[in-house]
Protein chains: 2
Amino acid sequence: MEQLNATAYVILGFVRGEPRSGYEIKALVDNSTRFFWAASYGQIYPELKRLTEAGLIVGSDVPTGSRKRTVYEITADGEEELRAWLRQPPQTFEMRDEGLLKLFFADALPREEGLEILRSMKAQRLAIYERLRAIEQMKGELEDPFPMIVLRGGLEFTQWFAQWCERMEAQLLDAAPEKRSK
Amino acid sequence: MEQLNATAYVILGFVRGEPRSGYEIKALVDNSTRFFWAASYGQIYPELKRLTEAGLIVGSDVPTGSRKRTVYEITADGEEELRAWLRQPPQTFEMRDEGLLKLFFADALPREEGLEILRSMKAQRLAIYERLRAIEQMKGELEDPFPMIVLRGGLEFTQWFAQWCERMEAQLLDAAPEKRSK
DNA sequence: GCCACTATATATCGCTTCGATATATCTGCA
DNA sequence: TGCAGATATATCGAAGCGATATATAGTGGC
């Protein structure tokens with residue numbers, strides 16, 4: 001069998017336990033893994049086909065009235081494939097942070113405007129913090145432990161980042177106090 | 001003028017100060033912004049053309065022997081465009097972390113193997129820490145302050161992440177001490 | 001002087017991913 | 001009854017990424 005991509009494992013992970021439609025999977029992704037692994041319809045639907053052909057999931061038609069709806073569940077092979085992947089050491093780690101990029105080039109601006117970038121970044125973090133908090137409230141205690149650990153990790157990281165912005169702002173003000181009054 | 005993408009500003013940022021070839025820009029990116037904003041040759045060379053057409057940079061041919069070489073420098077318009085972008089609040093923030101993804105689905109594994117994911121993630125962070133340290137050593141004190149602030153931030157973040165992995169491992173061992181001896 | 005290897009330099013191709021949108025049906029509720 | 005919003009599947013174009021092709025320049029070893 002061909003190598004599966006990570007999005008395939010996102011699907012396997014979400015159809016494990018209970019059957020899901022492509023639409024449901026997309027909604028689950030958008031409220032959870034999307035912060036560290038996004039997936040679009042353009043990936044999900046073709047991937048559901050491939051996984052079905054590979055025998056890792058099976059679909060059943062469960063129409064609602066006259067609207068067709070296919071839910072997929074994981075097969076024994078699929079479970080095994082998922083576990084095998086989970087046992088491999090993770091590779092990919094990527095980030096795209098426009099804030100850090102701007103900060104990196106901030107020497108092109110007068111000092112005061114460089115500080116403004118740090119303030120924007122902090123505000124951005126705080127906004128994300130609220131979104132994650134809302135998700136945390138939504139999920140009860142009922143979940144498997146690991147998704148909650150990851151969510152709490154996201155909250156901690158976001159807080160850490162916001163504080164880093166604050167610290168760097170203070171540090172720059174200390175380093176050039178004569179610019180303060182400008 | 002059409003909207004520029006972030007890669008265009010990476011180029012503007014790097015040709016500011018001194019003229020650079022496409023090859024040099026790629027090398028600079030790979031040792032700095034690549035950790036939060038990567039760029040490939042496939043983006044850089046076409047972008048150099050677009051920026052030239054837009055009058056934001058100008059190229060001059062500086063051949064070495066019979067090998068052609070074009071270095072680009074920023075124009076006054078380019079400087080202004082860069083500063084205008086730096087003043088906009090940053091938007092994009094994305095992450096793809098295969099480790100967090102695996103951790104999220106770790107309930108599919110026996111507890112001990114879930115802990116193994118955290119150990120791999122920690123090891124991965126420590127490896128990145130060493131790479132960043134090497135870059136820090138390489139750069140002297142001579143730089144503009146902001147690139148160094150961002151680099152040190154990367155080091156701090158990497159350390160924080162490694163410690164988080166450690167803490168989560170300990171927490172899980174505490175929560176299920178009966179599994180410890182398995 | 002020659003060879004092998006690496007660095008410099010530009011260019012391009014295929015694949016994946018992203019975001020947006022098209023199409024259609026169902027539900028809630030004013 | 002109407003219609004906004006949720007459910008469901010599918011697809012397209014643009015952008016990004018990694019790898020590689022092509023070529024020349026420098027460098028170290030023999």
Side-chain angles (χ1 to χ4, degrees), chain A residues 2-11 14-15 18-31 33-52 57 59-72 91-98 101, chain B residues 2-11 14-15 18-31 33-52 57 59-72 91-98 101:
Chain A
E2 308 212 359
Q3 183 91 319
L4 298 175
N5 59 34
T7 305
Y9 295 106
V10 173
I11 292 175
F14 278 122
V15 300
E18 45 189 323
R20 311 272 194 192
S21 70
Y23 183 82
E24 279 179 293
I25 292 167
K26 169 66 169 154
L28 287 166
V29 165
D30 284 347
N31 276 302
T33 65
R34 131 197 174 102
F35 295 98
F36 46 91
W37 206 282
S40 68
Y41 288 128
Q43 294 167 266
I44 291 170
Y45 284 105
E47 204 57 54
L48 285 168
K49 277 186 193 155
R50 273 193 289 274
L51 289 170
T52 303
I57 58 176
S60 13
D61 288 347
V62 188
T64 314
S66 73
R67 178 166 65 202
K68 72 174 175 174
R69 172 181 150 90
T70 310
V71 296
Y72 297 86
Q91 306 289 333
T92 309
F93 178 81
E94 289 159 22
M95 239 173 108
R96 321 205 91 200
D97 187 328
E98 205 185 335
L101 185 59
Chain B
E2 307 212 0
Q3 182 90 320
L4 298 177
N5 60 33
T7 304
Y9 295 106
V10 172
I11 294 175
F14 279 122
V15 299
E18 45 190 320
R20 312 274 195 191
S21 69
Y23 183 82
E24 279 179 293
I25 292 168
K26 169 67 169 154
L28 287 167
V29 165
D30 283 346
N31 276 301
T33 65
R34 135 203 172 94
F35 295 98
F36 47 90
W37 207 282
S40 68
Y41 288 127
Q43 293 167 266
I44 291 171
Y45 284 105
E47 204 59 51
L48 285 168
K49 276 187 192 153
R50 272 193 290 272
L51 288 170
T52 302
I57 57 176
S60 11
D61 288 346
V62 187
T64 316
S66 74
R67 179 167 64 202
K68 71 173 177 176
R69 171 181 150 91
T70 311
V71 296
Y72 298 87
Q91 306 289 335
T92 308
F93 178 81
E94 289 159 23
M95 238 173 110
R96 323 204 90 198
D97 186 329
E98 206 185 333
L101 185 59

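Chain letters run A, B, ... following the sequence lines, proteins first and then strands; every chain starts at 1. Treat the numbers as computed from the prediction; the structure is a model and nothing was measured.
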> Which comes earlier along DNA chain D counting from the 5' end, the contact point of A:Lys49 or that of A:Arg69, where each point is its nearest nucleotide?
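Residue closer to the 5' terminus by nearest nucleotide: A:Arg69.
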> What integer distance in Å separates B:Tyr9:OH from D:dG16:P?
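Interatomic distance, OH of B:Tyr9 to P of D:dG16: 13 Å.
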> Heavy atoms only, 4.0 Å cut-off, all strands: where does A:Arg96 land among base, sugar-phosphate and nothing?
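Here A:Arg96 touches the backbone only, sparing every base.
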> For B:Arg96, is there an ion pair with B:Glu98 - N to carboxylate O distance below 4.0 angstrom?
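No.
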> Which pair of heavy atoms, one from B:Tyr23 and one from B:Tyr45, lies closest together, and at what distance?
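Here B:Tyr23 and B:Tyr45 meet closest at N-OH, 3.2 Å.
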> What integer distance in Å separates A:Glu47:CD from D:dT11:P?
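Taking CD of A:Glu47 and P of D:dT11, I get 15 Å after rounding.
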> Give A:Ala27 one of three labels, base, sugar-phosphate or nothing, depending on what nucleic acid heavy atoms sit under 4.0 Å from its own.
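No contact.
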> Where do B:Glu47 and B:Thr7 land on the side-chain hydrogen bond (donor to acceptor under 3.5 Å, both in side chains) test, with the steps shown first?
CA-CA 8 Å; B:Glu47 204 59 51; B:Thr7 304; over 6 Å; no
> CE of A:Met95 versus P of D:dC17: gap in Å, rounded?
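So the two atoms are 14 Å apart, to the nearest Å.
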> Which part of the nucleic acid, if any, lies within reach of B:Gly22 when heavy atoms closer than 4.0 Å are counted: base, sugar-phosphate only, or nothing?
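If one applies the 4.0 Å heavy-atom cut-off, B:Gly22 turns out to touch the sugar-phosphate alone, with no base involved.
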> Atom CG of A:Asp30 and atom C1' of D:dT7: how far apart are they, to the nearest Å?
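In whole Å, D:dT7 C1' and A:Asp30 CG are 14 Å from each other.
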> Using the heavy-atom set of chain A and a strict 4.0 Å cut-off, write down the first and last nucleotide of DNA chain C that makes it in, 5' to 3'.
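Here the contact window of chain A covers C:dT17 to C:dC26.
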> Nearest heavy-atom pair of B:Thr70 and B:Gly59: which atoms, and what distance?
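Here B:Thr70 and B:Gly59 meet closest at CG2-CA, 4.1 Å.
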> Using the rule side-chain contact (heavy atoms from CB on, under 4.5 Å), only one of A:Leu48, A:Asp30, A:Val71 pairs with A:Ile25; which is it?
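For A:Ile25, the side-chain contact (heavy atoms from CB on, under 4.5 Å) check succeeds only for A:Leu48.
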> Is the phosphate of D:dA15, meaning OP1 or OP2, less than 4.0 Å from a side-chain N or O of B:Gln43?
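No.
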> Tell me the closest heavy-atom pair linking B:Arg69 and B:Ser21, and the distance in Å.
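Nearest heavy atoms, B:Arg69 then B:Ser21: NH1-OG, 3.8 Å.
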> NZ of B:Lys26 versus P of D:dG18: gap in Å, rounded?
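It works out to 8 Å between those atoms.
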> Find which nucleotide of DNA chain C each of B:Tyr23 and B:Gly42 is nearest to by heavy atoms, and output the residue with the more 5' nucleotide.
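It is B:Tyr23, whose closest nucleotide lies nearer the 5' terminus.
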> So B:Ser40, base contact, sugar-phosphate only, or nothing? Heavy-atom distance under 4.0 Å.
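The answer is base, as B:Ser40 lies within the cut-off (heavy atoms under 4.0 Å) of a base atom.
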> What is the separation between atom CD1 on A:Ile25 and atom P on D:dA6, rounded to the nearest whole Å?
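Interatomic distance, CD1 of A:Ile25 to P of D:dA6: 20 Å.
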> What is the minimum heavy-atom distance between A:Met95 and B:Phe35, and which atoms define it?
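Looking at all heavy atoms of both residues, the closest pair is CB-O, 3.6 Å.
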> Taking the nucleotide of DNA chain C with the nearest heavy atom to each, does A:Trp37 or B:Glu24 sit closer to the 5' end?
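The residue whose closest nucleotide sits nearer the 5' end is B:Glu24.
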